[in-house]
A.B. asks: 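Below is one structure. I have some questions about it.
When a ligand or atom number is given, it counts from 1 through the structure's own listing order.
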Amino acid sequence: MPEFLPFTRPTIDEATIAGVAEVLRSGWITSGPQVKSFEAALSRLCGGRPVRCFNSGTATLAVALRLAGVSTGDEVITTPLSWVATANVVLEVGARPVFVDVEPRTRNIDLDAVEKAIARATRAIIPVDLAGLPVDRDRLEDIARRHRLRVIEDAAQSFGASWRGKRLGTFGDFVSFSFHANKNITTAEGGALVLPDESLVARCEQLRLQGVVRTGEDGMDVEVAGGKYNLTDVAARIGLGQLPHLAAFTERRRALARRYFQRWDRGLGCELPLEDHEQSNWHMFQVVLPERIARAEFIARMREAGIGVGVHYPAIHLFSLYRSLGWREGQFPHAERIGRRIATLPLFPAMSPGDVDRVCAACAKVLAQVPGGAHA
Ligand SMILES: Cc1ncc(COP(=O)(O)O)c(C=O)c1O
């Protein structure tokens with residue numbers, strides 16, 4: 001039996017591991033010089049825009065909403081097909097998420113539906129680049145400009161992706177990245193917020209750490225209740241060791257995704273992701289399973305074949321919390337169907353093309369064994 005193939009695994013080189021050990025021995029392990037260097041490197045990647053690091057891509061979203069002035073009574077339009085953090089942060093700042101359905105082809109928010117959902121209380125839009133496939137930034141910007149809305153790009157999954165040749169993060173309003181362990185570049189846990197202009201930096205730093213403002217040798221004041229969201233130097237050192245690999249990781253992911261498209265048996269009845277070989281960073285390779293197999297059974301059988309399968313994500317509005325706030329089944333049929341049947345197959349830079357072939361063969365075998373299977 002070959003080694004178990006998880007759906008993802010970080011690639012961390014020995015120099016980074018040695019670098020982390022150095023930070024641990026240095027006597028300064030929380031936010032310090034490594035965070036400053038990481039922020040400077042991220043800013044260079046984002047066309048010189050101001051970037052501040054946080055301890056998660058959830059904190060970045062919450063702080064961006066606060067910086068955008070979103071609060072009680074406001075509405076924020078977003079997608080139900082995302083990690084629940086995307087909507088939870090809206091509740092956290094006292095606002096109301098307004099979900100609209102996704103386009104089944106891209107699985108990203110339907111921008112026609114966004115435009116229809118805009119109301120007097122709408123203050124912002126949070127688009128999500130699911131699996132690293134960018135939402136149409138031209139249309140998004142056009143909608144936001146015409147309706148005077150703020151945009152907080154939830155680019156948690158799309159670090160390294162681009163829109164019409166421009167790297168995400170180099171343009172737009174607020175852009176939020178996550179460096180969680182599963183992301184294309186990781187700090188174990190962490191995130192970065194790209195700000196629209198320098199004038200927000202001071203407030204951003206206050207919201208990141210208890211609202212504290214320091215002056216002189218011993219002056220301290222607090223004007224706003226900030227959080228405890230700072231990134232540690234240990235984590236930043238991991239990120240600094242990851243960044244030089246960004247281009248190679250992205251290329252590798254794209255090559256593996258291409259291989260999936262080449263090797264996949266189209267007769268199995270699965271819906272493949274949109275075939276984008278230029279803009280997506282291929283954070284995940286996800287298929288929507290046919291009705292004839294229960295997803296839990298598919299996952300269990302793939303595990304028996306030594307292959308890990310992930311679930312990203314069930315539709316947010318059907319979680320108990322959101323149901324209790326008034327959402328119900330049937331409101332967003334595409335997101336609901338995809339959320340029930342989507343499966344994340346292995347894709348990470350250390351995989352070989354042969355691993356992709358193994359996954360494709362295992363999927364074909366599992367799906368052929370259920371009634372109605374293409375080869376049953
Ligand atoms: C789309 C999306 N938004 C937000 C987040 C939150 O990021 P973090 O886990 O770093 O808080 C994630 C992370 O999984 C995500 O995938």
A.B. asks: At less than 3.5 Å, what protein N or O atoms come close to the N or O atoms of ligand 1? Include the distances to 0.1 Å.
C.D. replies:
from, atom 1, to, atom 2, distance (Å)
ligand 1, 3 (N), Asp154, OD1, 3.2
ligand 1, 3 (N), Asp154, OD2, 2.7
ligand 1, 7 (O), Ser178, OG, 3.4
ligand 1, 10 (O), Gly57, N, 2.7
ligand 1, 10 (O), Ser178, OG, 2.7
ligand 1, 11 (O), Gly57, N, 3.2
ligand 1, 11 (O), Thr58, N, 2.9
ligand 1, 11 (O), Thr58, OG1, 2.5
ligand 1, 14 (O), Lys183, NZ, 2.7
ligand 1, 16 (O), Gln157, NE2, 2.9
ligand 1, 16 (O), Tyr313, OH, 3.3

A.B. asks: ring-ring contact (aromatic ring centres under 6.0 Å, His included) with Trp282: which of Phe261, Phe159, Phe348?
C.D. replies: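 For Trp282, the ring-ring contact (aromatic ring centres under 6.0 Å, His included) check succeeds only for Phe261.
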
A.B. asks: Name all pairs fulfilling the salt bridge (charged side-chain N to carboxylate O under 4.0 Å, His left out) condition that reach into residues 60-72, sequence neighbours left out, sorted by first residue then second.
C.D. replies: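 Sorted result for residues 60-72: empty, none.
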
A.B. asks: Not counting sequence neighbours, list each pair that qualifies as a side-chain hydrogen bond (donor to acceptor under 3.5 Å, both in side chains) and has a residue in residues 16-28.
C.D. replies: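 Of all non-adjacent pairs touching residues 16-28, those that pass side-chain hydrogen bond (donor to acceptor under 3.5 Å, both in side chains) are Asp13-Thr16.
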
A.B. asks: Which residue pairs satisfy the ring-ring contact (aromatic ring centres under 6.0 Å, His included) criterion with at least one member in residues 50-98, sequence neighbours excluded?
C.D. replies: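 Sorted pair list: Trp83-Tyr313.
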
A.B. asks: Using 4.0 Å as the upper bound for N to carboxylate O, is an ion pair formed by Arg139 and Asp112?
C.D. replies: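 The answer is yes: the pair qualifies as a salt bridge.
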
A.B. asks: Under 6.0 Å between ring centres, would you say that holds for Phe7 and His312?
C.D. replies: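 Close enough - the centres of the two rings lie under 6.0 Å apart.
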
